[in-house]
Amino acid sequence: MLNRLLDGFEGKLTSSKYAKLAKCSSDTALRDIRDLLERGLLSQNEGGGPEHEPPDRGRRLSGGAGRGG
């Protein structure tokens, strides 16, 4: 799943988007996202909403080129 996210994913990752990509239930998606957050592989956006993005490691999945995330 992480490879799919790193390979050209654009925009914010929500649990519903994750569920569609992973072909799983929304409950499973939420559990997976929480696990990835705990492991430090995703970071939650400021504001505490349901959207998530990977930590800034030189390549961001959210935002487009020149938009600043």
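These values consider heavy atoms only, across backbone and side chains, with no hydrogens, waters or symmetry-generated copies.
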Which residues pass the side-chain hydrogen bond (donor to acceptor under 3.5 Å, both in side chains) test with Arg31, sequence neighbours left out? Thr28
Selection residues 16-26 - residue pairs positive for salt bridge (Lys or Arg N to Asp or Glu O under 4.0 Å), sequence neighbours left out: none
The reported gap from CD in Gln44 to CZ in Arg34 (rounded to nearest 0.5 angstrom) is 9.5 Å
With respect to Leu41, which candidate in Asp35, Ile33, Leu36 satisfies the side-chain contact (heavy atoms from CB on, under 4.5 Å) definition? Leu36
For Ser15 versus Ala29, what's the shortest heavy-atom pair and its separation? O-CB, 3.4 Å
Run the side-chain contact (heavy atoms from CB on, under 4.5 Å) test on Tyr18 and Cys24 for me, step by step, so that the C-alpha distance in whole Å, both residues' side-chain angles and the decisive distance to 0.1 Å come before the verdict. CA-CA 8 Å; Tyr18 185 100; Cys24 64; 4.3 Å; yes
